[in-house]
Chemist: 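I have a structure I would like to understand better, so I am pasting it below and will then ask my questions one at a time.
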2 protein chains.
Amino acid sequence: MKVKTELPEVFDDFGAARKQGFLKVKSLKDKGQRVVGVYCTFMPEELVLASGAVQISLCSTSEETIPAAEEDLPRNLCPLIKASYGFAKTDKCPYFYFSDLVVGETTCDGKKKMYEYMSDLKPLYLMQLPHMRTTEQSKELWYRELVAFKNKLEDFFDVTITEDQIRDAIHLKNRERLAKKHFYELGQLNPPALSGAEIFKVMYGSQYKFDKEENIQSLEDATTAVKERYANGEHLESKPRILITGSPMGGVTEKVIHAVEENGGVVVGYENCTVAKATERLVAEDEPDVYQSLVDKYLNIGCACLSQNKPRLQLISDMIDKYQVDGVIDMVLQNCIPFSVESHRIKDFVNDEKQKPYMYLETDYSEADIEQINTRVTAFLEMLEG
Amino acid sequence: MKVKTELPEVFDDFGAARKQGFLKVKSLKDKGQRVVGVYCTFMPEELVLASGAVQISLCSTSEETIPAAEEDLPRNLCPLIKASYGFAKTDKCPYFYFSDLVVGETTCDGKKKMYEYMSDLKPLYLMQLPHMRTTEQSKELWYRELVAFKNKLEDFFDVTITEDQIRDAIHLKNRERLAKKHFYELGQLNPPALSGAEIFKVMYGSQYKFDKEENIQSLEDATTAVKERYANGEHLESKPRILITGSPMGGVTEKVIHAVEENGGVVVGYENCTVAKATERLVAEDEPDVYQSLVDKYLNIGCACLSQNKPRLQLISDMIDKYQVDGVIDMVLQNCIPFSVESHRIKDFVNDEKQKPYMYLETDYSEADIEQINTRVTAFLEMLEG
């Protein structure tokens, strides 16, 4: 066995993507490119692509702008929501600055209400995500919301969006989903081919590669490079294998990944927004009604913001099996009510149905709890090995 | 001027209503009466009445069962939600016990997710309240939810609900709303005819008088009694006049009313669930489509759980004028995200548009903060007088 020491070069590319993204989006704007800024993986990027615009994830993962947000929002609100609003208010997010239109969604109370203030700062369109996913009323609502959003994009950008354009966008996004999936599924290899920090860096960075074809190619190159190295016997040593689930992760909350990997574990999978949750299932390409296929895809994203979140249990179950997971860490942002209330069900499911250890880990965007997280994660990992 | 010393007898009746309600509901059940338990004023009681059942507000206002709830729910969740679940789990709410069907609603994240656990304890039907009120999609969703709920009641109780029965129920509920309104509008009298604690006692108690005709009669008697006394010159002395707005109030949170009235103020109006918020507007009786008239009524309840809550601003504005309000207290339950995020807008509106002082007061179901509340409220009242 050769222990891997150096990352394939293609990885650096993803690490730099977010930073370079700022320059790239400016250069795109200079060429007249339309930009739609969003905060959530429920947003149907297919429609934005079909309108000829690019969709960009707006800044929400650092504590830098939280004090400014707390002038208008309560302190005991989820840090992601405060950061999102703070970046908008202080105009410190270049992506927000360059967005022609910001599209919010009614995923949770905090975001829904925060958008009321954000809409004072920028043209903001709010999509109404249903509270439920299985009833006919919910499907009908989301269908109508998708059509209304298409109409909004047509009006706002003065374009016509054809069904063929939507089909092309569905196909392109599916190809990107598959390229992402092939990459993050490298986490299934045992012993591990790469660290969880590396998987996350690539997945997070790929959000900031706005040219889809380039992104797909880079992801495929990265997957190929890792596979080749693995075939040559290069891999990490075996360690307790952790699945991370819970609230959206990125930026400062990557401290949880580091806590696992600096204390004797390896993160093999992420059942969360940045990685598997919204990527795993494709949009059906053979469905005659494109909106119906988008409804089926998006309403089945296993987010805690929807009532009776069976798709999350299903994905956690599959990932525990396929990634040979030893333990599950449920990272929940402070005051993230949907995920914190749901955690009790997740714990029972992981413990009872999957017979695996589970740890609930609540955190925010400060670095003050890093030592505490290290201590708890170390104890959890020792328990897994013991 | 005669200062009022004694309450009309009819008031005692309301004070005892909740306690007697327990016996009354048992006796109703013994006679085969169907009972639907609810937690929210968005619930369309007209449909329940039309089905021949009575609708009862379930227990949610004491801290007694919160420790039991915290075994399953996060601690930093709104006390109303924890109490609701705790009463259900410990079976300490006779109304819950006697309910044939419990109907929840997706007003906020905490309740929506809590109902997932509650549905393990009891047949629970969840109504999907939209996130928004003005879009066509929202109105259509609520329309369909009302029809689906009617169908559910028909199936569950094996009855047929006719349009005429719904019309009769609309008329009856409107008469009750008017009787309530005539009573709580006594708060507009200046100098005050009665205390805010008395107004609240009657309004809260009237929820537990299940015979609508009897309730209407008692409310009218109470109104008449107060008016007669007032005509005879009996009234309270003039004091700073407070409007209470915010989260649902009742039980232990009445401490806020007492803090006002024991420290030199009088609560003249309540822009909240128990009093004006859901009662103020009637259901149109001349609309050909009964469901449409229910949509128009219920979606215009000014709850913070809906995006862009203009009806709340409108009602606060009207009440400040009509009740000659000197200051507004926004009582928000801890971790009640919709109301806490909205408070910033309410403060600006009250201060800037209405030129009135505003106080934000966050509290929970403990009595630990009573001294702190007294201190803050006293300072607020002194400022109003100063």
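First the proteins, then the strands, lettered A, B, ... as listed; each starts at 1. What you see below is based on every heavy atom in this structure, not just the backbone, and it leaves out hydrogens, waters and symmetry mates. Given the structure is predicted, the values throughout are model-derived calculations rather than measurements.
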Chemist: In terms of heavy-atom proximity below 4.5 Å to chain B, should Glu362(A) be classed as side chain, backbone, both, or neither?
Modeler: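 It is the side chain, since no backbone atom gets that close.
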Chemist: For chain A, which candidate among Tyr115(B), Tyr360(B), Tyr117(B) shows the most heavy-atom pairs at distances under 4.5 Å?
Modeler: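 Most heavy-atom pairs within the cutoff with chain A belong to Tyr117(B).
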Chemist: Answer yes if the side chains of Thr41(A) and Lys277(A) hold a donor-acceptor pair under 3.5 Å, and no otherwise.
Modeler: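 Lys277(A) and Thr41(A) do not have a side-chain donor-acceptor pair below 3.5 Å.
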Chemist: Check whether Lys113(A) reaches the backbone of Ala304(B) with its side chain - one donor and one acceptor, N or O, closer than 3.5 Å.
Modeler: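 Yes: the side chain of Lys113(A) pairs with the backbone of Ala304(B).
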Chemist: Just so I understand: if I count every heavy-atom pair under 4.5 Å between each of Leu129(A), Thr135(A), Asn309(A) and chain B, which residue has the most?
Modeler: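 Among Leu129(A), Thr135(A), Asn309(A), the one with the most close pairs to chain B is Leu129(A).
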Chemist: Nearest 0.5 angstrom please: Met127(A) CE to Tyr298(A) OH, how far?
Modeler: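 One gets 9.5 Å once the value is rounded to the nearest 0.5 Å.
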Chemist: Tell me whether Lys122(B) contacts the main-chain N or O of Phe96(B) through its side chain, where contact means a donor paired with an acceptor under 3.5 Å.
Modeler: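 Checking the backbone N and O of Phe96(B) against the side chain of Lys122(B), a donor-acceptor pair under 3.5 Å is found.
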Chemist: Counting heavy-atom pairs under 4.5 Å to chain B, which of Ala148(A), Ser340(A), Gly110(A) comes out on top?
Modeler: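 Max contact count across the listed options: Ser340(A).
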Chemist: Answer yes or no: is there a donor N or O on one side and an acceptor on the other, between the side chain of Asp109(B) and the main chain of Asp109(A), under 3.5 Å?
Modeler: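 Yes, Asp109(B) side chain to Asp109(A) backbone: donor-acceptor pair under 3.5 Å.
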Chemist: Any idea which of Asn335(B), Leu73(B), Thr106(B), Leu77(B) has the most non-hydrogen atom pairs under 4.5 angstrom with chain A?
Modeler: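 Heavy-atom pairs under 4.5 Å are most numerous for Thr106(B).
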Chemist: Could you have a look at Ser119(A), Cys78(A), Ser343(A), Ser138(A) and say which one has the most heavy-atom pairs with chain B under 4.5 angstrom?
Modeler: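 The option with the most such pairs is Ser138(A).
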Chemist: Against the six-membered ring of Tyr39(B), is Lys111(B) placed for a cation-pi contact (under 6.0 Å from the centre, within 45° of the normal)?
Modeler: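 Output no; distance or angle outside limits.
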Chemist: Could you check which of Glu145(A), His131(A), His344(A) has the highest count of heavy-atom pairs closer than 4.5 Å to chain B?
Modeler: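 Looking at each option in turn, the highest pair count goes to His131(A).
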Chemist: Checking heavy atoms, do the side chain of Leu126(A), its backbone, both or neither come under 4.5 Å from chain B?
Modeler: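 Both backbone and side chain of Leu126(A) come within 4.5 Å of chain B.
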